[in-house]
Every structure is written in structure tokens, then in C-alpha cells.
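Take a look at the structure set out below.
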Amino acid sequence: MAGSLQGKRAFITGSLQGIGLGIATAFARQGADLVLHGLGDQALVDSAIATVKAAGAQKVEGYVTDLRDSTATEELVKKILEGGKVDILVNNAGIQHTATIENMPRQKWNDIIAVNLSSFFDTMRLLLPQMEKAGYGRVINIASVHGLVASLAKAPYVSAKHGVVGLTKVAALEYAKCGSRETGGVTVNAICPGWVETSLVEPQIQERVDKFGGDRAAGIADLLNEKEPSKRMTSPDDIGELALWLCSKSAHNITGAAIPIDGGWTAQ
Ligand code: NAD
């Protein structure tokens with residue numbers, strides 16, 4: 001049986017690992033053609049390509065581009081479009097640095113805003129017009145619970161993620177009239193995860209593991225106890241399944257939403 005994304009092409013930033021690779025794998029299971037991207041060496045690119053091919057993807061490309069550089073991002077998108085249209089854009093690349101405002105290095109502020117917010121603007125401004133023409137398009141921005149609420153020592157991250165939620169709403173309004181129920185329309189939504197065990201949060205996990213004398217399970221439980229009522233981490237695959245559903249035609253009228261997947265974190 002043909003997968004629900006057969007014939008669709010998805011570009012997922014930061015998809016060589018972590019949440020992005022989870023989303024790419026969920027899309028691969030439904031037959032999507034994939035454009036993978038991230039920072040890393042050829043071995044990481046090859047391993048991500050092998051993962052999604054094993055999950056069912058037929059056509060897969062992999063690119064390494066630093067999204068802090070908007071000219072490089074423009075060149076990347078141009079190259080991707082030479083290979084055909086992009087039906088689904090998942091803005092997922094992101095970085096973190098924790099420090100109080102007075103101790104936050106200025107360069108970290110620049111980098112986090114560039115990757116976690118400005119790169120989302122760049123890919124959207126370059127790819128939304130061709131979605132409008134096609135009458136179908138999906139932009140899924142990976143924000144965070146920190147797009148909805150704040151935490152200590154995360155000023156640039158929280159600022160960028162709140163920015164992503166705002167950017168998502170503006171784009172949703174600008175493209176709301178495109179297409180139809182039959183074509184699926186063009187929607188722009190944000191997913192707002194709580195804790196997911198990836199390299200991005202590893203330094204924060206390590207802090208807690210050290211607090212519990214090297215006991216990883218106790219460190220993770222302590223982290224979850226503080227914020228996440230379900231006391232469970234979300235997996236990259238859980239996020240992939242949510243993203244997949246947002247790509248369906250039946251989700252044509254869900255746009256401008258910021259959807260938490262956070263075990264009740266932001267319900268408190
Ligand atoms: P990760 O570190 O495993 O993946 C981040 C990806 O972004 C990597 O592929 C990396 O190469 C890419 N990236 C980083 N800097 C880049 C740059 N300058 N140019 C291009 N690509 C760059 O982390 P993850 O947890 O999978 O993060 C994915 C997204 O999920 C991020 O936007 C993050 O903010 C968000 N998020 C994560 C969590 C969590 O608990 N892990 C929670 C909420 C939101």
C-alpha cells in the first residue's frame with residue numbers, strides 16, 4: 001500500500017540526528033522523498049541516509065550547510081529547488097546555551113537567534129511561494145515549550161522560540177487562503193516539545209547526573225520532576241508521528257497553532 005507521503009518531498013533542517021532524524025524516519029515510513037540536512041561529517045550524513053532508506057525512503061539527499069549564514073542558506077535552497085519542489089518544510093535545526101543574562105556571551109545570543117529563529121525565516125521566505133503555487137504545503141516549525149513559557153538561564157533560546165511561535169502565526173495568516181480542502185492548503189504550525197533526550201539537552205542532563213553521583217536515571221527523573229507532570233520524556237519518533245499527521249489533508253484547517261507535546265508542562 002502506498003504511504004501517505006508518496007510523491008511528497010520534505011526538507012528537514014538539522015535532520016542528521018535527534019528530533020529531525022525522528023521526523024525524517026516517520027516521513028520515510030510513509031514513502032516521502034527526503035532532503036536531509038545538518039552539521040557533521042560525511043559519516044554522519046551517510047548514517048542518517050541509511051537510517052531513512054531502511055525505513056522506506058527511496059529518494060534521499062543530504063546537505064551540510066551552516067544556517068547562521070543566510071547567503072549559504074539561499075544557495076542551499078536554490079540547489080534543493082533545482083531537484084524539484086518542496087512540499088513539506090520542517091524547520092528543526094537548533095542550539096542551546098544555558099547561562100544567566102549577565103553571564104550569557106554576546107556571541108551565543110547571536111548564534112542562537114541566527115539558527116533557532118532567523119534560519120526559519122530564511123527557509124520560509126524562500127519556500128512558501130512555491131507551496132502557494134502548488135496549493136499544498138506544510139511548514140512545521142520545531143519551537144519548544146520555551147516558545148510558550150520561560151525558564152531560568154535560557155534568555156536567547158526562550159526569545160528565539162517565542163519568536164518562532166510569532167513568525168508561525170504571521171506566516172499562517174499570510175498563506176491561509178492558499179489552495180483548497182481538496183489540494184490540502186498551505187499550513188504553518190509550530191510543535192512545542194518538552195524534554196526529549198538528544199545531544200541538545202545532554203549538558204543539562206549531565207548536570208543532574210553529576211548531582212546524583214553518576215546515576216543517569218536519577219538525573220533524568222530529577223529533570224522531569226521539576227517541569228514535566230507526566231514524568232516521561234517525549235521521543236523523536238513521537239514528534240515524527242505528530243508532524244506526519246500535520247501533513248495530512250485532513251489537517252488543512254489547522255494553521256497558526258503552537259502544539260505542545262510536553263506531558264502537561266505548559267498546562268500548569
Ligand atoms: P540535536 O542537537 O540532536 O539536533 C540539532 C540539529 O541542528 C543538528 O542536526 C545540528 O547539526 C543542527 N544545527 C545546529 N547548529 C546548526 C547550524 N549552525 N547550521 C545548521 N544546522 C545546525 O538536538 P534536538 O533536540 O534534536 O533539536 C532539534 C530541535 O528541537 C531544536 O530546534 C531544539 O531547540 C528543539 N527542541 C528540543 C528539545 C529537547 O528536549 N531536545 C525540546 C524542545 C525543542
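Both ligands and their constituent atoms are indexed starting at 1 by order of listing. No hydrogens, no waters, no symmetry mates; every other heavy atom, side chains included, goes into these values.
- By the 4.0 Å N-to-carboxylate-O rule, Arg216 lies close enough to Glu202 to be salt-bridged with it.
- Taking a cutoff of 4.0 Å between a charged side-chain nitrogen and a carboxylate oxygen, Asp237 and Arg29 qualify as a salt bridge.
- A side chain to side chain donor-acceptor pair (under 3.5 Å) check over residues 157-170, counting only residues at least two apart or in different chains, returns the pairs Asn141-Thr168.
- Ordered by chain and residue number, the residues placing a heavy atom less than 4.0 Å from ligand 1 are Gly14, Gln17, Gly18, Ile19, His37, Gly38, Leu39, Thr65, Asp66, Leu67, Arg68, Asn92, Ala93, Gly94, Ile95, Val115, Ile142, Ala143, Ser144, Tyr157, Lys161, Pro193, Gly194, Trp195, Val196, Thr198, Ser199, Leu200, Val201.
- Checked by atom type, the side-chain pair Gln204/Thr98 shows no donor-acceptor distance below 3.5 Å.
- A salt bridge does not link Lys79 with Glu61: every distance from a Lys NZ or Arg NE/NH1/NH2 to an Asp or Glu carboxylate oxygen is 4.0 Å or more.
- Between the side chains of Thr73 and Asp122, no donor-acceptor pair is found at a separation under 3.5 Å.
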